[in-house]
Amino acid sequence: MPFEADLAHALDRTTDSLEPDLTALLSGAVERGRSRRRRRSACVIAGVGACAVIAAAGLVIPGALAGTRSAGSDIEPVALAMPRSAITGTQMIQALEMTFPGGRFSQVTGQSNNPSDPSGGYVANGELVVDDGQGAAMVGVSAVRLKLPLRDGDGLSCERTPARAAGDTCTLSELPSSAAIPGGAVVTSERTAAEHPARADTARRWTVTVTLKATGAQLQLVQWNSTGGGSGAHAPKPTRAAPPLSDQQAVAALTGAAWAPILGAVG
């Protein structure tokens, strides 16, 4: 699908979302989520084009793409650098399916990036609904490269204004340098309810962002405990209690063999 069609589709799906991570897919997109008009969306991941949100599962793409900042955040937009090489939507989907071996997949979509125009809104991303036998869940991943030196911003800090709603959480940690991640990485793990105050039947989004210190390559994995993102009445009801992967499993996956080619292509 041409970049223009991909972006139009992503923006249409992202405008109604909940708060993103990456600014993560944009203002509307993935604050983060799929919408039923949603990501970063833009304006998911709507905020991940305009809003530069990519959408999907609530991916949130750095606000810098659209020169915006995350909704409800005083963090400055993150500046994007040119990826080392092109990444196709098919590659993103293949890596995402490898992340959930044995799962059954549906609602599969992917978008290629455009290395020649890193701030044009064409961020490599993929999303799908996976059923691992514990209930269907929407998941999505976006891949971008941040400009060095790294500074506070989406995926790099848990600071935000206003403060997070009761029950929403964020933790910041670092991974030591290793053969898989030379120079180490910054990791943020977030949990956000689709509406506040959250109820027993409120869907939730778990977002893990891994940013390599040496190259600025950044992967963001968003998981819902429902079949779609969104917020309030737009969010589907939970289909399971927890996401397919724990935070620890998500970090291991993003820094493992399935995503190594994507990290290499990004940074």
Return yes if some donor-acceptor pair links the side-chain N/O of [X] with the main-chain N/O of [Y] below 3.5 Å, else return no.
| X | Y | result |
| --- | --- | --- |
| Asn225 | Arg204 | yes |
| Ser177 | Gly183 | yes |
| Ser226 | Thr239 | no |
| Gln111 | Val123 | yes |

Test side-chain contact (heavy atoms from CB on, under 4.5 Å) applied to Val139 and Leu245, step by step:
CA-CA 10 Å; Val139 299; Leu245 301 179; over 6 Å; no
Met98 with Met92, same ILVMFWY side-chain cluster at under 4.5 Å:
no
Residue pair [X] / [Y]: nearest heavy atoms and the distance that separates them:
| X | Y | result |
| --- | --- | --- |
| Trp206 | Trp224 | CZ3-C, 4.5 Å |
| Ala194 | Thr202 | N-CG2, 3.7 Å |
| Pro115 | Met82 | O-CG, 2.8 Å |
| Pro83 | Arg145 | CA-CD, 4.4 Å |
| Thr227 | Pro236 | OG1-CB, 4.0 Å |
| Gln223 | Pro244 | OE1-CD, 3.3 Å |

Only pairs under 3.5 Å count here: list side-chain donor-acceptor contacts from residues 250-267, not counting sequence neighbours, and write none if there are none.
| unit_1 | atom_1 | unit_2 | atom_2 | d |
| --- | --- | --- | --- | --- |
| Thr255 | OG1 | Val251 | O | 2.8 |
| Thr255 | OG1 | Ala252 | O | 3.4 |
| Trp259 | NE1 | Thr99 | OG1 | 2.8 |

[atom1]/[X] to [atom2]/[Y] distance, rounded to the nearest 0.5 angstrom?
| X | Y | atom1 | atom2 | answer |
| --- | --- | --- | --- | --- |
| Leu150 | Ser157 | CG | OG | 12.5 Å |
| Asn113 | Asn125 | CG | CG | 10.0 Å |
| Arg164 | Arg191 | CZ | CZ | 13.0 Å |
| Gln220 | Thr211 | CD | OG1 | 9.0 Å |
| Phe105 | Ile93 | CZ | CD1 | 9.5 Å |
| Glu174 | Lys213 | CD | NZ | 3.5 Å |

So, do His196 and Asp168 sit near enough that their side-chain heavy atoms are less than 4.5 Å apart?
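His196 vs Asp168: side chains touch.
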With sequence neighbours left out, what residues match Arg240 under salt bridge (Lys or Arg N to Asp or Glu O under 4.0 Å)?
Asp132
